[in-house]
There are 2 protein chains.
Amino acid sequence: MTKDISTEERILAAAKKIFMRDGFQGARMDDIAEEANVNKALLHYYFRSKRKLFEIIFQETKGKMLPRVKEIFESDMPFFEKIEKFVHSYFDLLIENPALPLFIVNEVHKDPRKFAEQSGFLEVVRPTMMIFMQHLNDEIKQGRVKQIAPMHLLMNIMSMCIFSFLGKPMFQMMANMDELQYQFFLQQRKEEVVRFVIDAIKA
Amino acid sequence: MTKDISTEERILAAAKKIFMRDGFQGARMDDIAEEANVNKALLHYYFRSKRKLFEIIFQETKGKMLPRVKEIFESDMPFFEKIEKFVHSYFDLLIENPALPLFIVNEVHKDPRKFAEQSGFLEVVRPTMMIFMQHLNDEIKQGRVKQIAPMHLLMNIMSMCIFSFLGKPMFQMMANMDELQYQFFLQQRKEEVVRFVIDAIKA
DNA sequence: GTCTATATATGGATAGAC
DNA sequence: GTCTATCCATATATAGAC
């Protein structure tokens with residue numbers, strides 16, 4: 001038994017699992033309690049309300065995405081290498097947290113403002129985007145990259161990363177892949193997406 | 001007043017709007033009733049239960065995607081033209097139904113089996129995929145298209161279409177676009193995605 | 001801190017008048 | 001067909017014993 005983990009920690013871990021799986025509305029406090037092997041009342045003892053508990057999970061989870069993206073794009077790697085690192089890093093993160101994309105997409109959809117406000121999302125993203133755009137425009141001027149609007153390129157890259165997870169159930173059905181096969185497919189996609197992007201934009 | 005529209009039709013329209021916006025769990029019968037300007041009890045009079053009402057919306061909505069995809073890929077257009085038609089067609093459909101992707105992704109996520117079973121999704125998709133793969137492999141053999149695994153190409157194309165809508169709130173924030181600007185962005189993406197894909201795969 | 005028992009709120013569903 | 005009133009199940013939240 002992992003009884004050296006505090007009750008509070010166990011609740012947080014359970015909550016993360018259930019919220020990720022079912023979203024805020026779909027998740028039930030009973031399920032979280034059961035998953036954490038504690039009484040339902042304890043959730044309220046520690047975290048007061050479902051909403052509060054959720055916020056903690058959400059905040060913590062959000063924070064994972066950005067720092068590494070920032071780090072990559074602020075480095076002085078060549079442009080294509082930044083793309084490669086970015087895609088690999090993104091895929092690795094999402095392979096560890098496969099429910100994250102649907103979770104984030106849903107929560108942002110429900111309340112975009114809240115997402116923007118708390119935890120200074122924009123304050124981190126905007127400067128990083130600026131650097132990306134600057135580097136891209138340089139490459140275009142140098143004639144190494146075809147003319148392309150930065151937002152479209154960014155959207156294309158992020159699409160191919162994130163949708164690999166959002167579309168998992170549908171693609172698994174369509175291609176009749178079991179879990180193992182899909183994991184292999186995801187590993188392939190890391191290389192595949194990089195190659196695809198570079199082939200699309202290199203002059 | 002559009003009072004020549006039957007109550008039943010008004011309820012269906014309202015239900016579609018609310019279910020699209022909030023998903024099955026999130027939607028409330030009260031909201032649907034209010035949106036349709038009828039009493040809550042009437043929803044049950046016409047459709048018996050929330051689940052039943054939902055199924056009707058879901059079925060109807062699902063049916064829109066596939067037929068045109070099927071039609072395009074079963075035609076005898078050149079390969080690149082198929083891609084172009086597919087992307088344009090997909091975007092146009094989703095511009096008309098921007099909430100569809102999140103709706104579908106959520107419902108498939110909650111119960112992949114059900115999605116597969118009802119309305120013979122696989123029976124339509126699988127043959128169409130076969131044709132796509134066949135045509136792609138021909139093009140590769142002819143040396144007009146680079147070597148690429150069909151499932152990856154398919155995933156790439158669908159990603160860039162669908163995620164343009166799933167990621168809308170986040171991208172709008174990041175790029176500080178208002179509604180009109182995002183609509184323009186989406187129109188651009190039709191051309192942009194086609195160009196991107198063709199540049200990526202043409203030999 | 002952790003439990004049992006219970007209060008309270010929400011939302012789907014039904015009964016019955018009109 | 002449409003309404004009001006009400007029931008009932010589910011799920012969040014709190015009270016109080018240990």
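Side chains included, hydrogens not; waters and symmetry mates left out as well; all remaining heavy atoms used. The structure presented is a predicted model; accordingly, all values stated were derived computationally and were not measured. Each chain gets a letter, A, B and so on, in the order its sequence line appears, and its residues count up from 1.
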May I have the distance from [X] (atom [atom1]) to [N] (atom [atom2]), rounded to whole angstrom?
X: B:Leu42; N: C:dT14; atom1: CG; atom2: P; value: 14 Å
X: B:Ile32; N: C:dT10; atom1: CD1; atom2: P; value: 18 Å
X: B:Leu43; N: D:dG1; atom1: CG; atom2: C1'; value: 13 Å

Under 4.0 Å protein heavy-atom contacts per nucleotide of nucleotides 4-18 of chain D, with B for base, S for backbone only and - for none: B------SBBBB---
For [range], which residue pairs qualify under salt bridge (charged side-chain N to carboxylate O under 4.0 Å, His left out), counting only residues two or more places apart or in two chains?
range: residues 147-158 of chain A; answer: none
range: residues 146-156 of chain B; answer: A:Asp199-B:Lys146
range: residues 160-181 of chain B; answer: B:Lys168-B:Glu179

With B:Arg113 via side-chain hydrogen bond (donor to acceptor under 3.5 Å, both in side chains) - residues at least two apart: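 Partners of B:Arg113 by the side-chain hydrogen bond (donor to acceptor under 3.5 Å, both in side chains) criterion come out as none, since no residue qualifies.
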Which residues share a side-chain contact (heavy atoms from CB on, under 4.5 Å) with A:Arg144, sequence neighbours left out: A:Glu139, A:Gln142
